[in-house]
Amino acid sequence: MGSLYNQIESKVTLSGERDPRRRHVRQTALSSLLDRKIDLQAFGLLMAISGAVDLVWIMSYPDYALKVFGATFSGWAGWMVKYQHPVIHVAIGIGFIKARLWALGVYLAYLALACTSEVVTQLVEGYHPLRTGLILVSLTVGAYLVARRHAFT
C-alpha cells in the first residue's frame with residue numbers, strides 16, 4: 001500500500017498542484033537538447049540541403065537570372081551572382097553543423113544583404129506577399145540564432 005501512496009503522492013502534491021519535479025525533468029530534457037546543439041545542427045543541415053537544391057535549380061535552368069537589389073546580371077557577373085548562393089548556403093550549413101562562430105557571422109551578414117536586396121527589389125518591382133513572409137521568417141530565425149550565439153565555438 002505504501003508504494004501506491006508514493007506513486008500518487010509523486011504525481012499530485014497535497015495542494016492539488018502538479019509535482020514541480022516533473023517540470024524540472026522537461027526543462028532538463030530541453031536543456032540537454034540545446035546543450036548538444038541539435039537545433040544548430042538541424043539548421044545547418046537545412047542550409048546545406050538548400051544549397052544543394054539551389055545548385056540543381058541553377059543547373060537545370062541556366063538562363064535563370066537572379067535579381068539582386070532589383071537588377072539582373074548577365075555574362076560572368078550573372079554567373080557569379082547565381083552560383084555564390086549555393087556556395088554560401090553549403091558553407092553556412094557546414095559551419096552550423098559544427099557550431100562554428102564564423103558561420104553565425106557569415107549568416108548574419110548574408111541575412112542583412114539578402115533582406116536589404118529583397119526590400120529594394122520589392123520597391124522596384126512591387127510588393128510580393130510571399131517574399132515579404134520569407135523576409136520576416138528569415139529575420140525571426142536570425143533573432144533566434146543571435147539569442148543562441150553562446151552555443152557557437
Side-chain angles (χ1 to χ4, degrees), residues 11-12 16-153:
K11 292 184 181 179
V12 178
E17 297 174 3
R18 283 212 165 277
D19 187 355
R21 291 177 288 182
R22 291 186 66 173
R23 183 175 46 156
H24 175 70
V25 169
R26 281 193 301 265
Q27 288 175 344
T28 304
L30 179 60
S31 296
S32 174
L33 286 175
L34 293 177
D35 289 342
R36 290 186 353 219
K37 305 172 186 176
I38 298 287
D39 55 336
L40 301 180
Q41 293 171 345
F43 183 71
L45 181 62
L46 289 174
M47 286 296 289
I49 290 170
S50 169
V53 170
D54 280 352
L55 184 61
V56 169
W57 174 268
I58 291 167
M59 293 174 73
S60 298
Y61 299 96
D63 294 334
Y64 170 71
L66 182 67
K67 291 196 182 293
V68 178
F69 292 101
T72 57
F73 300 91
S74 61
W76 69 270
W79 186 86
M80 291 295 290
V81 167
K82 284 191 294 191
Y83 283 97
Q84 74 176 342
H85 290 280
V87 171
I88 292 171
H89 285 183
V90 170
I92 291 171
I94 291 168
F96 271 80
I97 289 170
K98 295 181 177 186
R100 300 291 186 231
L101 187 58
W102 62 262
L104 177 62
V106 171
Y107 176 78
L108 293 176
Y110 183 67
L111 176 66
L113 182 68
C115 288
T116 305
S117 173
E118 186 54 41
V119 167
V120 170
T121 300
Q122 286 195 34
L123 289 173
V124 170
E125 294 189 3
Y127 172 75
H128 194 280
L130 178 62
R131 290 178 171 222
T132 302
L134 289 173
I135 290 172
L136 295 174
V137 168
S138 297
L139 291 172
T140 303
V141 170
Y144 173 77
L145 293 172
V146 167
R148 291 277 290 138
R149 68 187 173 277
H150 65 278
F152 292 90
T153 56

Is it the case that over 12 heavy atoms from other parts of the model lie below 6.0 angstrom from the OH atom of Tyr61? no
Working note: Leu108 + Val146, criterion side-chain contact (heavy atoms from CB on, under 4.5 Å); need CA distance, chi angles, decisive distance, verdict. CA-CA 9 Å; Leu108 293 176; Val146 167; 3.9 Å; yes
Backbone N or O of Ala112 within a donor-acceptor pair of the Thr116 side chain at under 3.5 Å? yes
side-chain hydrogen bond (donor to acceptor under 3.5 Å, both in side chains), that's the test. Do Tyr110 and His85 meet it? Break it down for me. CA-CA 10 Å; Tyr110 183 67; His85 290 280; 2.6 Å; yes
Side chains of Tyr144 and Asp39: is there a donor and an acceptor less than 3.5 Å apart? yes
Taking every non-hydrogen atom, the tightest pair across Ile135 and Cys115: CG2-SG, 4.0 Å
Would the Tyr107 and Phe43 ring centres measure less than 6.0 Å apart? yes
Decide yes or no for Asp54 and Lys82: does some side-chain heavy atom of the first lie under 4.5 Å from some side-chain heavy atom of the second? no
For the pair Glu118 and Lys67, find out whether any cationic side-chain nitrogen is under 4.0 Å from an anionic carboxylate oxygen. no
Would you please test Thr153 and Lys37 for side-chain contact (heavy atoms from CB on, under 4.5 Å) and show each step? CA-CA 11 Å; Thr153 56; Lys37 305 172 186 176; 3.7 Å; yes
Is the closest side-chain heavy-atom distance between Thr72 and Leu66 below 4.5 Å? no
Check step by step if side-chain contact (heavy atoms from CB on, under 4.5 Å) holds for Phe152 and Phe96. CA-CA 8 Å; Phe152 292 90; Phe96 271 80; 3.4 Å; yes
Shortest non-hydrogen contact from Val124 toward Gly70: CG1-O, 4.3 Å
Looking at Trp57, I'd like to know if its CH2 atom is crowded, meaning that more than 12 non-hydrogen atoms belonging to other residues, nucleotides or ligands lie closer than 6.0 Å. no
Heavy atoms only: give me the nearest Ala151-Ala99 pair and the separation to one decimal. O-CB, 4.1 Å
Taking all non-hydrogen atoms of both residues into account, name the closest pair between Ser138 and Leu111 and its distance. CB-CD1, 3.5 Å
Where do Leu113 and Phe69 land on the side-chain contact (heavy atoms from CB on, under 4.5 Å) test, with the steps shown first? CA-CA 9 Å; Leu113 182 68; Phe69 292 101; 3.6 Å; yes
Indicate yes or no: at least one non-hydrogen side-chain atom of Leu55 is less than 4.5 angstrom from one of Tyr83. yes
